Every structure is written in C-alpha cells, then in structure tokens.
Chemist: 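Dropping a structure here in structure tokens format, bear with me for questions.
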Amino acid sequence: MAELILPLRTELPEEILERQDEVQPICVAVPLYNWVSSMFFANFVRMHRVEETPVCTVVGVYLEQAMRLLTKQALAIPGWKRLVIVEGDMVMPEDALIRHALHTDAVVGSLYFQHRLPHQANVMLEHPTEGVDKCAHLLPTGIKYMLDNPALYKVSIVGMGCTSIRRDVLEDWDHERWGPIWRNGFQESAKDDEFTGGQISHDVRFCQQVVRQGHSVWLDSSIVCDQLTEGNIGARHYLAAHAQELGLIPEHLRRASSPIVLPNRAARRQHARARAT
C-alpha cells in the first residue's frame, strides 16, 4: 500500500512570531469540486492553523451558489473575526492562514495567477475617473514590484482564491440596497467581448460592491499562491509570459511568434489567426 509522507511544516517567520498576540480567530470556507487534488490536500493539512478554527465546506456546487451557502454556514458560527476563503485549486504558503488572521482591513486578497496565457494576476485597479465600474489589470512592472516588495497594497478587485473578509462586512450587508453578497454581474460596455460576453464574476462584483459601500480592498503580496490546472500556475509563469515587457530576456532571443511575448487577448487572437493561415 502506498504511503503518503508529508514534509515537515516549515517554521513561522520571525515577523509573524512577534505578532502572535494580534492573531484573530478565523473561519475557513472551502468550496470544493467533486474531487480534491492530492496536492491541494497535502498543502492544506500542512498549513499553520489558528487554534480552534472552524472549517465550512460545500461539495460539487456551482461556485456562486457555493459562496452563498458557505457564508450562511459561517455566519451561524460565533466567535470568528475573519472569514478566509480557500478555493479547492489553490496551493498556498504554509503561513497564509496566520497572515490572514493578522489583517484588520475589510477585504484582503493574495497574489495568484490565471490559468491561461498571459497568466494575469487576479488583482485589478479601478479607473481614475470611472471608479470600480471600469477596472483593469496591473501592468507587469507593477506585479513584479509587488513580488519583489512583499507588503499590503491598496487595490480595487481581488480574486477569492485565498482571501479574507472581515465579519462585519458580511453581517452588516444591506441586501435591499446592494443585492445578494454573492452574485455574478453584467457590464454593458463589455457585452461584445468574445471571452466574457459582458459577464462579471461573483468575486469581481463582490469587490465592486464593497468599495461602493466605502470599504477598502487590499492585496497582501507576501501571500503568493499557485493555482492548480494541468500543473501549478504561479508567479514564475506570469514573469515568463511577460518577460519581454519586463526586460527579462535578451533581445536576440525574443520572437514575435512565441507565446512568451503575447501580452494580451488581442495579441493572442492575432497570433492564432496568423498560425491558422
């Protein structure tokens, strides 16, 4: 019989050990698929935990509905201060739960990256004049700065892969004014987008509503996660996909036909059409 041997958990860094008295009680919410990756399982059981942390789960439910069920479960449990959402395809630093337990802001996300090229980071900033109604991904130079300088950064939108939410944000939600906490949205100006058709995912809409309510959304770039697909998609894939923009590869090695230098969806479509002809 095969035996699963897990490496020993790494020690908490000194910066966290010095703040142990600031750690708040958390609740962990995990929307699961019908199967659980062994890599996700091994990572999750090795993580440093806050004492007596309740864990809420739902299995095999569409993500938007899963988030509604998890939030209802969690709010029925007394005592915790932050809800930490951990999606079932995340591979997180072992101290991620402790780091989230130290935060006090309304919403704090982690840094992780999309499956498809060019592996955009799941974080966006609002438009300087149109606000959160129109958000955009950060430039590669901004993401690299965050990776090189781990800190808490004020942003507008974060994904829910490994994100914590202060309890009062959920408890005090005005459903009559803001609608359900978790619901997909629609952006009229993007209705012709061939990828989204104007649909806004539940996590983007949630962050938009949080900002409209006067709260702030932050990203902790000390929590850098991989996202599971055929393999782990992480910061190294993002940096490779944006290597030319960041000046990370020599000029003589840059080829316009290589996916490593395709910066956006339009370029990828153009590249695909060129190959097809």
Side-chain angles (χ1 to χ4, degrees), residues 26-33 35-37 39-48 53 55-59 61-71 74 82-101 103 105-125 135 137-138 143 146-147 150 152-153 155-166 169-170 181-182 184 200-208 210 217-238 241:
I26 63 172
C27 177
V28 177
V30 189
L32 292 171
Y33 305 113
W35 59 272
V36 176
S37 161
M39 188 171 293
F40 170 81
F41 172 76
N43 172 245
F44 190 73
V45 299
R46 286 174 55 197
M47 296 186 73
H48 292 278
T53 296
V55 178
C56 301
T57 62
V58 292
V59 179
V61 180
Y62 180 64
L63 196 52
E64 177 189 351
Q65 177 65 6
M67 292 307 303
R68 294 195 193 114
L69 295 172
L70 288 168
T71 301
R82 297 191 72 80
L83 180 66
V84 184
I85 301 164
V86 175
E87 293 182 353
D89 59 356
M90 302 302 294
V91 178
M92 302 157 287
E94 293 175 4
D95 59 6
L97 296 180
I98 304 294
R99 288 185 182 274
H100 276 299
H103 286 304
D105 292 291
V107 178
V108 180
S110 62
L111 193 52
Y112 68 102
F113 303 86
Q114 295 177 359
H115 298 297
R116 294 195 305 257
L117 278 167
H119 304 307
Q120 292 282 15
N122 284 300
V123 54
M124 292 190 282
L125 294 177
C135 295
H137 289 283
L138 280 70
I143 297 299
M146 288 181 170
L147 288 167
L152 197 60
Y153 294 91
V155 295
S156 303
I157 307 291
V158 293
M160 293 294 123
C162 178
T163 292
S164 63
I165 304 167
R166 204 172 59 216
V169 173
L170 302 171
I181 299 175
W182 305 108
N184 289 345
I200 299 173
S201 62
H202 68 283
D203 45 6
V204 171
R205 178 188 170 276
F206 170 78
C207 290
Q208 289 175 325
V210 165
V217 176
W218 297 79
L219 183 135
D220 184 347
S221 69
S222 73
I223 307 174
V224 182
C225 307
D226 282 1
Q227 188 169 20
L228 292 169
T229 176
E230 290 85 357
N232 291 20
I233 298 298
R236 60 198 177 281
H237 299 89
Y238 176 86

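What you see is a predicted model, and the numbers here were worked out from it, not measured in a lab.
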Chemist: Evaluate side chain to side chain contact (heavy atoms under 4.5 Å, CB included) for Ile26 paired with His100, printing each intermediate quantity in order.
Modeler: CA-CA 8 Å; Ile26 63 172; His100 276 299; 5.7 Å; no
Chemist: Quick one: side-chain hydrogen bond (donor to acceptor under 3.5 Å, both in side chains) partners of Asp220, sequence neighbours excluded?
Modeler: His103, Ser222
Chemist: Pro31 and Ala66: which non-hydrogen atoms are nearest, and at how many Å?
Modeler: CB-CB, 4.0 Å
Chemist: Test side chain to side chain contact (heavy atoms under 4.5 Å, CB included) on Thr71 and Ile181 and set out the steps.
Modeler: CA-CA 9 Å; Thr71 301; Ile181 299 175; 4.3 Å; yes
Chemist: For Arg82 and Asp105, indicate whether the former's side chain and the latter's backbone hold a donor-acceptor pair under 3.5 Å.
Modeler: yes
Chemist: Indicate the atoms forming the closest heavy-atom contact of Cys225 with Met90, along with that distance.
Modeler: CB-CE, 3.5 Å
Chemist: Provide the closest heavy-atom pair for Gln227 versus Gln114 in the form atom of the first, atom of the second, distance.
Modeler: OE1-CA, 4.0 Å
Chemist: Is the count of non-hydrogen atoms from other residues, nucleotides or ligands lying under 6.0 Å from Met47 atom CE greater than 12?
Modeler: yes
Chemist: Please examine the side chains of Val58 and Leu32, heavy atoms only from C-beta on, and report whether any two atoms are closer than 4.5 Å.
Modeler: no
Chemist: Please round to the nearest 0.5 Å and tell me the distance separating atom OH of Tyr62 and atom CZ of Arg68.
Modeler: 9.5 Å
Chemist: Which residue, Val28, Val36, Val91, forms the side chain to side chain contact (heavy atoms under 4.5 Å, CB included) with Phe44?
Modeler: Val28
Chemist: Measure up the Tyr238 and Phe113 rings against each other and bin them: parallel (under 30°), tilted (30 to 60°), perpendicular (over 60°).
Modeler: tilted
Chemist: Check whether any side-chain heavy atom of Leu152 lies under 4.5 Å from a side-chain heavy atom of Leu219, and answer yes or no.
Modeler: no
Chemist: Please answer whether the main-chain N or O of Ala121 pairs with a side-chain N or O of His137 as donor and acceptor at a distance below 3.5 Å.
Modeler: yes
Chemist: If you apply the rule side chain to side chain contact (heavy atoms under 4.5 Å, CB included), what do you find for Met92 with Cys162, and how did you get there?
Modeler: CA-CA 8 Å; Met92 302 157 287; Cys162 178; 3.8 Å; yes
Chemist: Would you name the heavy atoms of Met160 and Asp203 that are closest together and state the gap between them?
Modeler: CG-CB, 3.3 Å
Chemist: Return the set of residues passing side-chain hydrogen bond (donor to acceptor under 3.5 Å, both in side chains) with Thr53 (not counting sequence neighbours), or none when no residue passes.
Modeler: none
Chemist: Thr163 pairs by side chain to side chain contact (heavy atoms under 4.5 Å, CB included) with which of Val86, Asn122, Val107, Leu83?
Modeler: Val107
Chemist: Begin with the C-alpha distance, continue with both residues' side-chain angles, and end with the deciding distance and a verdict on side chain to side chain contact (heavy atoms under 4.5 Å, CB included) for Glu87 and Val30.
Modeler: CA-CA 6 Å; Glu87 293 182 353; Val30 189; over 6 Å; no
Chemist: To the nearest 0.5 Å, how far apart are OG in Ser164 and CD1 in Ile85?
Modeler: 8.5 Å
Chemist: Mind checking whether Met124 and Val204 have side chains closer than 4.5 Å, heavy atoms only?
Modeler: yes
Chemist: Judged by atom type as modelled, is there a donor-acceptor pair below 3.5 Å linking the side chain of Tyr112 to the main-chain atoms of Gly161?
Modeler: yes
Chemist: Let me confirm one number: the NE2-CG distance from His115 to Leu228, rounded to the nearest 0.5 Å.
Modeler: 8.0 Å
Chemist: If we only count heavy atoms from C-beta on, is the Ser156 to Cys207 side-chain gap below 4.5 Å?
Modeler: no
Chemist: Can you name the nearest heavy-atom pair linking Ala106 to Val169, along with the distance?
Modeler: CB-CG2, 3.7 Å
Chemist: Compute whether any side-chain donor of one residue and acceptor of the other, for Arg205 and Gln208, lie under 3.5 angstrom apart.
Modeler: no
Chemist: Atom CD1 in Ile223, atom CG in Leu111: separation rounded to 0.5 Å?
Modeler: 10.0 Å
Chemist: Write down the atom of Ala241, the atom of Leu117, and the distance for their closest heavy-atom approach.
Modeler: CB-CD2, 3.9 Å
Chemist: What do the steps show when you test Phe206 against Trp182 for ring-ring contact (aromatic ring centres under 6.0 Å, His included), and what is the final call?
Modeler: CA-CA 6 Å; Phe206 170 78; Trp182 305 108; 4.4 Å; yes
Chemist: For the pair Asp226 and Arg236, find out whether any cationic side-chain nitrogen is under 4.0 Å from an anionic carboxylate oxygen.
Modeler: yes
Chemist: Would you give the length of the straight line joining atom OH of Tyr33 to atom CZ of Phe40, rounded to the nearest 0.5 angstrom?
Modeler: 9.5 Å
Chemist: Once rounded to the nearest 0.5 Å, what's the spacing between atom CG of Asn43 and atom CD of Glu94?
Modeler: 7.0 Å
